[in-house]
Visitor: 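Pasting a structure below so you can have a look.
Quantities reported herein were computed from a predicted structural model and do not represent experimental measurements.
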Amino acid sequence: MCGIVGIVATSEVAAALYDGLTVLQHRGQDAAGIATANGTQLRVHKGNGLARDVFDARAMSLLEGRVGIAHCRYPTAGSEGSDEAQPFYVNSPYGIALAHNGNLINTDALRREVFETDRRNINTDSDSEVLLNVFAHELDRSQALTPEAAFRAIEGVNRRARGGYAAVATVLGLGLVGFRDPHGIRPLVLGRRVTPEGTEYAIASESVALDILGFEHLRDVAPGEGIVVTPRGELHHRACAAPQERAPCIFEYVYFARPDSMMEDISVHKARMRMGVTLGEKILRLRPDHDIDVVIPIPDTSRDSALEIANVLDVKYREGFIKNRYVGRTFIMPGQGERAKSVKRKLNPIPLEFRNRVVLLVDDSIVRGTTSKQIVQMARDAGARKVYLASAAPPVRYPNIYGIDMPSVDELVANGRSESEIEAFLGCDWLVYQDLVDLESAVAGPKFPGRKFDSSCFSGEYVTGIEPGYFERIQQLRSDEAKRKRRVAS
């Protein structure tokens, strides 16, 4: 999962792109980069770390131009190391820089195709560089530099690439280009700002980036749609793929997106509140005479759900953990050892909220289980009489292959275990999960009853289909041991 933003403005865009990255930083803390177009020159600055660490006054002063894109990286399969920072750049045709959020599932075949047929070289292991070269080759085939040529190139990308992807690119002489995969798995939104000098546009992963920059949130970029904005602020858009089953990623609502974002015309905040209502109702069905004294969220993404669970159960809601905000999100830490150390650095319990109480801890989801296990023990050590654990999402039993670096299957705590066995592993007195049908209904809400989502990490149903041997390959890439070996080798 990464964060992307692209802007066409009537003045310099580098500062606005930087501000956009800071509010998308939750989507990726591994690396950051900005590319701007200034006439006939593309200027790129990128590096490992948070946006605040990558960019200083000198770097920002060199990023001249009124068209630009930015990226914050969260590494997925095969994308680790300083060479993987985005945006990527190619000088033919015209000069193109591209930033990508998502994951291609046919990267190996595309890489061979790009080298053997398109006669282009890929320098990194990143599927984003593959995507850039496919787009560049398809644009080169048109022998033209027009919005129509860009749309034909996006059509070519959508024919050749499989997976979840949202991308922004700047093409010298053309402007800003944005596109989204035909199933709409990865999010992308379009915004507009009217100034005395003219109309400006922005494309971003989440609407919160538009809000902070003062852009009006126009709409989501449609699945398979292409967007072109010229340097003069002229907006062009077109469907660039045949209609497919719409399947936005449900894990965005569970964990990744900020609660103040709108995705697919759904409030992330409201979706998480509804998750709490449905889960609270399930708890009452299972244990109408429960003995829960207090509901405590595991910060931050479970707060909305936890508050609604407390309301449904008619028990106290309390903040029981203090979070160190200078430690990154443990879900995206590079290795289990680092994640384990970060839990204690990140959270500290308030004993008064636990002592002699039956506590219901609420988390957004449980993936590996090792973090949850430590937090359950923290609650016991703080004096809780009993510790219950509720997950606002169902058991994660399958990998997410569309841009979320969930571990290999054998590292998922729910894989091959019953709920009672997971409960025993975590050390809690009771474990309750959200049902998938309730999760999908909660996210869809009353406006979109029956809406479909990519829920593959819960259901094992992949909207793009999977080629034989794919899971074995990603297991070799995603396991903590495989990542450790790559870090040692580098």
Side-chain angles (χ1 to χ4, degrees), residues 2-27 32-39 42-43 45 51 55 60-61 63-72 87 97-99 101 147 150-151 154 166-180 184 186-222 225-238 257-269:
C2 301
I4 58 175
V5 58
I7 299 175
V8 173
T10 56
S11 58
E12 298 290 308
V13 297
L17 289 167
Y18 175 84
D19 289 342
L21 282 185
T22 62
V23 294
L24 295 176
Q25 192 76 82
H26 61 285
R27 300 185 66 85
I34 292 176
T36 58
N38 182 25
L42 269 174
R43 300 176 182 271
H45 183 81
F55 300 100
M60 295 298 292
S61 69
L63 292 168
E64 299 175 343
R66 300 182 178 185
V67 179
I69 61 174
H71 182 273
C72 56
L98 179 141
N101 170 34
F151 293 140
I154 295 169
V168 289
T170 180
V171 183
L172 285 177
L174 179 62
L176 176 68
V177 176
F179 55 92
R180 191 178 179 199
R186 298 271 61 87
L188 201 64
V189 294
L190 174 67
R192 177 180 61 197
R193 181 171 65 188
V194 179
T195 73
E197 291 76 28
T199 302
E200 305 174 335
Y201 288 94
I203 304 172
S205 294
E206 293 185 34
S207 63
V208 66
L210 306 180
D211 298 339
I212 198 72
L213 296 173
F215 283 81
E216 174 193 2
H217 179 197
L218 293 179
R219 60 179 177 86
D220 293 271
V221 176
E225 183 180 23
I227 303 285
V228 175
V229 184
T230 69
R232 292 185 294 180
E234 301 161 332
L235 175 68
H236 304 264
H237 59 92
R238 199 179 82 184
R258 275 180 45 150
D260 45 346
S261 282
M262 295 286 294
M263 288 181 167
E264 298 287 317
D265 205 26
I266 295 170
S267 163
V268 176
H269 168 64

Visitor: Between Glu64, Glu12, Arg66, which is the residue that forms a side chain to side chain donor-acceptor pair (under 3.5 Å) with Asn38?
Guide: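 The single option meeting the side chain to side chain donor-acceptor pair (under 3.5 Å) with Asn38 is Glu64.
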Visitor: Side chains of His217 and Met262: does their closest heavy-atom pair fall under 4.5 Å?
Guide: yes
Visitor: Which pairs of donor and acceptor atoms, one on a side chain in residues 197-204, lie under 3.5 Å apart (sequence neighbours left out)?
Guide:
from: Glu197; atom 1: OE1; to: Thr195; atom 2: OG1; distance (Å): 3.4
from: Glu200; atom 1: OE1; to: Arg193; atom 2: NE; distance (Å): 2.7
from: Glu200; atom 1: OE1; to: Arg193; atom 2: NH2; distance (Å): 2.7
from: Glu200; atom 1: OE2; to: Thr10; atom 2: N; distance (Å): 2.9
from: Glu200; atom 1: OE2; to: Thr10; atom 2: OG1; distance (Å): 2.7

Visitor: Nearest 0.5 angstrom please: Thr36 OG1 to Ile7 CD1, how far?
Guide: 11.5 Å
Visitor: Between Leu190 and Leu235, is any pair of side-chain heavy atoms under 4.5 Å apart?
Guide: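 Heavy-atom side-chain distance check passes, below 4.5 Å.
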Visitor: Check whether any side-chain heavy atom of Arg258 lies under 4.5 Å from a side-chain heavy atom of Val23, and answer yes or no.
Guide: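 Yes; the side chains approach each other to less than 4.5 Å.
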Visitor: Rounded at 0.5 Å granularity, tell me how far CG in Leu210 sits from OG in Ser205.
Guide: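 Output value for this atom pair is 10.0 Å.
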Visitor: Measure up the Phe55 and Tyr18 rings against each other and bin them: parallel (under 30°), tilted (30 to 60°), perpendicular (over 60°).
Guide: perpendicular
Visitor: Looking at side-chain heavy atoms only, is the closest gap between Leu218 and Arg192 below 4.5 Å?
Guide: yes
Visitor: Do Glu206 and His26 meet the criterion of a side-chain donor-acceptor pair at a distance under 3.5 Å?
Guide: yes
Visitor: Looking only at heavy atoms, what is the nearest atom pair of Leu21 and Cys72, with distance?
Guide: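 What the structure gives for the nearest pair is CD2-N, 3.7 Å.
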Visitor: Taking all atoms of both residues into account, what is the closest heavy-atom pair of Gly178 and Ile154, and its distance?
Guide: O-CD1, 4.1 Å
Visitor: When you look at Val168 and Val5, which way does the side-chain contact (heavy atoms from CB on, under 4.5 Å) test go after all the steps?
Guide: CA-CA 7 Å; Val168 289; Val5 58; over 6 Å; no
Visitor: Side chains of Leu176 and Ile69: does their closest heavy-atom pair fall under 4.5 Å?
Guide: yes
Visitor: Any side-chain heavy atom of Ile266 within less than 4.5 Å of one from Met263?
Guide: no
Visitor: Identify the heavy atoms of Ala37 and Thr170 that sit nearest to each other, and give their distance.
Guide: CB-OG1, 3.6 Å
Visitor: Using side-chain heavy atoms (C-beta onward) and a distance below 4.5 Å, is Val67 in contact with Val229?
Guide: no
Visitor: Is there a side-chain contact (heavy atoms from CB on, under 4.5 Å) between Arg180 and Leu188 once you walk through the steps?
Guide: CA-CA 7 Å; Arg180 191 178 179 199; Leu188 201 64; 4.2 Å; yes
Visitor: Looking at every heavy atom in both Val268 and Ala257, which two are closest together, and how far apart are they?
Guide: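 For Val268 versus Ala257, the nearest heavy atoms are CG2-CB, 3.9 Å.
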Visitor: When you measure from the side chain of Gln25 to the backbone of Thr22, do you find a donor-acceptor pair of N or O atoms at a distance under 3.5 Å?
Guide: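 Pair absent, no side-chain N/O of Gln25 close to backbone of Thr22.
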Visitor: Rounded to the nearest 0.5 Å, what's the gap from OG1 on Thr230 to NE2 on His236? Could you check?
Guide: 5.5 Å
Visitor: Grab the two heavy atoms, one from Val177 and one from Ala150, that are nearest each other, plus how far apart they are.
Guide: CG2-CB, 4.5 Å
Visitor: Looking at CZ of Arg27 and OG of Ser261, how far apart are the two atoms once the value is rounded to the nearest 0.5 Å?
Guide: 8.0 Å
Visitor: Considering the options Asp220, Val221, Asn101, which one meets the side-chain contact (heavy atoms from CB on, under 4.5 Å) requirement together with Pro187?
Guide: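 It is Asn101; the other options fail the test.
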Visitor: Looking at every non-hydrogen atom in both residues, tell me the closest pair between Gly20 and Ala209 and how far apart they are.
Guide: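 The pair with the smallest heavy-atom distance is O-CB, 4.4 Å.
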Visitor: Do Glu264 and Arg219 meet the salt-bridge criterion of a basic N to acidic O distance under 4.0 Å?
Guide: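 Salt bridge between Arg219 and Glu264, a charged N being under 4.0 Å from a carboxylate O: no.
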